[in-house]
Structures are given as C-alpha cells and as structure tokens.
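Remarks on the structure that follows.
Chain identifiers are assigned alphabetically (A, B, ...) following the order of the sequence lines, protein sequences preceding nucleic acid strands; residue numbering begins at 1 within each chain.
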There are 2 protein chains.
Amino acid sequence: MVTSQQEDFMARDKEETKARILAAVGKLLAESGFKSLGVNAIAREAGVDKVLIYRYFEGLPRLLQCFAQEGDYWPTVDELVGDDSMVDAKTLADWMAYLLSRFSDNLQERPMTQEILRWELLEGNELTRELADVRDKFALDSLKFLETKGPFPPDKDIPAISAVLVAGVVYLMLRTKSSSTFMGIDFSSPDGWQRIEAALNSIVQLTAESKP
Amino acid sequence: MVTSQQEDFMARDKEETKARILAAVGKLLAESGFKSLGVNAIAREAGVDKVLIYRYFEGLPRLLQCFAQEGDYWPTVDELVGDDSMVDAKTLADWMAYLLSRFSDNLQERPMTQEILRWELLEGNELTRELADVRDKFALDSLKFLETKGPFPPDKDIPAISAVLVAGVVYLMLRTKSSSTFMGIDFSSPDGWQRIEAALNSIVQLTAESKP
DNA sequence: ATACCGTGTCACTGAGCGGTGACTTAGATC
DNA sequence: GATCTAAGTCACCGCTCAGTGACACGGTAT
C-alpha cells in the first residue's frame, strides 16, 4: 500500500502506464516503422486504452516529443570511439575512416534510428525536429573530436567532405532494407559493404591528408 | 464524329480517360508524395470515377506499373552530358565531377523522381522495383560512359566510390525538402550546396586520379 | 459508510479508405 | 426507331483511423 503523500503514484500505476506507452512507441517504431505509428496501434501494443494517451500526453505529437526526450536513438562520440588509447590511428584521415566505419556499424544495429532517419526524409514534425538537434550536436561533437586528433588542413573543407560521406553511408544503409542493389553493387552480400568500406577508406586517406 | 472502325475509341474517350488517370498519378506523386497516392485521390485529381481505375487498370498496382512504363522519371546519360564536345573535361576525374554535378542539378528539378527515391526507401512494390531496374541501368550506362573517357585505375574501385558519392548527393537532396541542415551545413542557402559541390570536386580529383 | 477523485474501460461518432454491384447514358449497328 | 454494348455514375459495404463522452472501479479522506 502506498503511503499517502501529497502528490504521487496510485496503485493503478499512472507512471508505469506512461512508461508502457513510451515503450510501445519505441517497439513499434523499430519493428513496423513510423507508418503504422498511430494512437490505436500504440495503445494496442502497450495493452492500454488509447484514451490514456490523450489524458497523459494530450495526443500523438506531444507523446512523440516525450519519446524523443527519453530514448537513446543516437550514439555519442565516446560510445562510438570506445577506448581512445586502443585505437591504432595516427593521422586525421585514420581517425575519419575509423569514425565512419564505427558509425556505419553502429547505425546498422539501430533499427529505430534508421526508421527515424527515414521519417525525417518524409516529413518534418515534432519528433524529427527534436532529433535533428541531437543529430547535429553529435555531428559537431564528432568534428570537434576529429579536430583534436589532427588539425583540419586549411585547403580542405573537412565538414563538407564528412557530410557527403556520412550522407552516403546513411543512404546506402537505409536502402538495403528494401532494395539490395545500388549502382550495380550488391548489398545483400558482405562483399558489397566491404567494397564500400574500402572506397570510404581510400577516399578519406587521399582527401583528408594534408597536401604533401 | 468518329468513324466506325472495328475496335477503337468511342466519343466518351476511354484512351483519354486512361491518360488522364495516368497524368493524375504523376501530378499527385510530384505534388503530394506517395503517401496520399490512393485510388480515391487519383480519381478525384483526374476528375473521374474511381471505378474506372479498376476497370481499365484492374487496381492500383497495375496502374502504377503502367505509369512506371510511361513516365520519364530518370535522365539518360546523353541527356545528362548534353553536347559531348562542349565539355571542357580532360581526365576521368574531370568527367566524374562533371557527371556528379549534372546529376545533382537534374535531380533537383525532378520532384517526382525525388519522391520515387523516397518511396524506394520505405517499401518495395511494383513501381519501385520496376524503377530500380531503370536506375541501375542508368548507373551502368554512366559507368560505361566514364570508362570511355578514361580507363579506370586498377587500384581504385571506381564503381564503389561513385556509389558512395551518388548516394551522398541523393541523400542530401532528399533531406533538403524537410530539413535544412545536416552536420552543421546549411542547405537553405546556396552556400551550403556550393561547399558540397566543392567537396565532391576535391574528393573526385584526389581519389579518381590515377596515382602519379 | 459515504463522498470524492484519480485510473482505467467501453461504446460511440465522423471521416476516409479500398473495393463492388447496380444503374444510367451515349453511340454504333441493325 | 429498337437494341446492344461500352463508358461513366451512384450508392453502398466493411474496415481502420483519430478523437470523445459516459461510465465503472478502487483507494483516500472525511
């Protein structure tokens, strides 16, 4: 039994219900994509009456906003790099290649993040705008991190180059779910991805190196 | 008055109706995206009863298939290059940069194609699979075209490099509709795109050149 | 016990969707 | 002119959706 504090949770647990609803959003997002992410589906998945979504979150938009503030849909730079000292990378180019590779692996294992990225491509809403900030913060962190590993050569626009390469990785990643080839490269076999990774490596090495 | 051939169009013009339906598909696709592309919406846009869609095309899937076979949603290499002899490009890298730039411009002016690319990212269906072939054919043509302009250096995987860069361009292009920044670069101003184009140029020049 | 209020349940509306059957109209053929 | 058929119209079904109002339950305070 709950002691009667002035303002707190009852036995029919409001906070737990809210948590279940938020969890249902994440699960549906990862499994079925954002297309089927409606009030009915969420309530069904959470085993909860949909009216509670309106009561506790006053509708889908605010619910998604809440979800955006809670979930971890994006890695931090530290998480991506892991143990700094274990990485055998000397130059700026080495670090760029390493980060790209880790980013690719990380994204592959985040179906929810993939789904959010797809979502962003189609519409701007509360959730996507919220997350755009987080993502750009991550991007700036990454660039700052890179700059500690080797100063950016002044004759190269490292941020723009990074943007193109990251964009490429993201797009290829998002494609592979529904389509297995792109420009004649087969992404259903690990071979295709190895070619991409090798291409990224050579691009970075040749492009980010300060001119000899 | 229509002469009475053995089998042909009546005054209440079946062929014209079919054409109007197909046109409506294109218009809706370009303007409102594929989300709102339903039987009702198409019929409404075409000013036609939806039952005719079922009669003439036996449903949405076949209608889309028909549409895929008619529309020009993708440029040919010739269209992209324009007049061969007017281009001031000498090396393979020059040509790659030129093609990428033209491709980017061309895609920018094809909202329908952009929409189809978004579509492909979300689901595989009759239309998208149909178009995947066309696109890969275009990609192979482009690579073949490039190879006539300069042999691929054996130590570089030109197709894979091209795939990454094209993927990057496509992704950035698709993003700009709903979100204006990516990795700290602002795509609402022409400045952002200029940085990207410059980055592509330097990447291509440094990467595709045969090693000196 | 009773009244109260937070929590959860149920039933419903109105709208839009894909899809279908029955009807009307226009034109060609006889 | 009567008839037949293709082209187009209309009304409807069953479903899912977002959103809402009315009600049932269960602790708490009085």
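- What separates CD of A/E15 from P of C/dG8 is a distance of 10 Å, to the nearest Å.
- In this structure, B/R55 CZ and B/D49 CG are separated by 8.5 Å, a value rounded to the nearest 0.5 Å.
- When only modelled atom types and interatomic distance are considered, A/S178 and B/E120 share no side-chain donor-acceptor pair under 3.5 Å.
- Whole-Å rounding puts the A/K18 NZ to C/dG8 P distance at 11 Å.
- What separates CD of B/E58 from C1' of C/dG18 is a distance of 16 Å, to the nearest Å.
- The separation between A/K14 atom NZ and C/dT7 atom P is 5 Å, rounded to whole Å.
- Note that the two end axes of the helix from C/dA1-D/dT30 to C/dC30-D/dG1 enclose an angle of 30°, each drawn from 5 base pairs, rounded to 10 degrees.
- Between the side chains of A/T76 and A/D78, no donor N or O sits under 3.5 Å from an acceptor N or O.
- A distance-only check finds no donor-acceptor pair linking the side chain of B/Y56 to the backbone of B/I21 [under 3.5 Å].
- Rounded to whole Å, atom P of D/dC25 lies 15 Å from atom CG of A/D49.
- Between the side chain of A/S179 and the main chain of A/R175, no donor-acceptor pair closer than 3.5 Å is present.
- Rounded to whole Å, the distance from CZ on B/R55 to C1' on C/dC23 is 11 Å.
- In this structure a side-chain-to-backbone donor-acceptor pair under 3.5 Å is present from B/N125 to B/T128.
- Counting to the nearest Å, the P atom of C/dC10 and the CG atom of A/L52 are 12 Å from each other.
- For the residue pair A/N106/A/R110, the side-chain donor-acceptor check at 3.5 Å is satisfied.
- In this structure, A/T17 does not reach the C/dT7 phosphate: none of its side-chain N or O atoms is under 4.0 Å from OP1 or OP2.
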A correct 5'-to-3' footprint of nucleotides 13-19 of chain D, with B, S and - meaning base, sugar-phosphate only and no protein heavy atom under 4.0 Å, is ----BBB
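- What separates CD1 of B/I53 from P of C/dT20 is a distance of 13 Å, to the nearest Å.
- Taking the side chain as every heavy atom from C-beta outward, B/F57 and B/Q65 never approach each other to under 4.5 Å.
- Among the heavy atoms of the strands, none lies under 4.0 Å from B/V48.
- Counted by atom type alone, B/E115 and B/W119 present zero donor-acceptor pairs between their side chains at under 3.5 Å.
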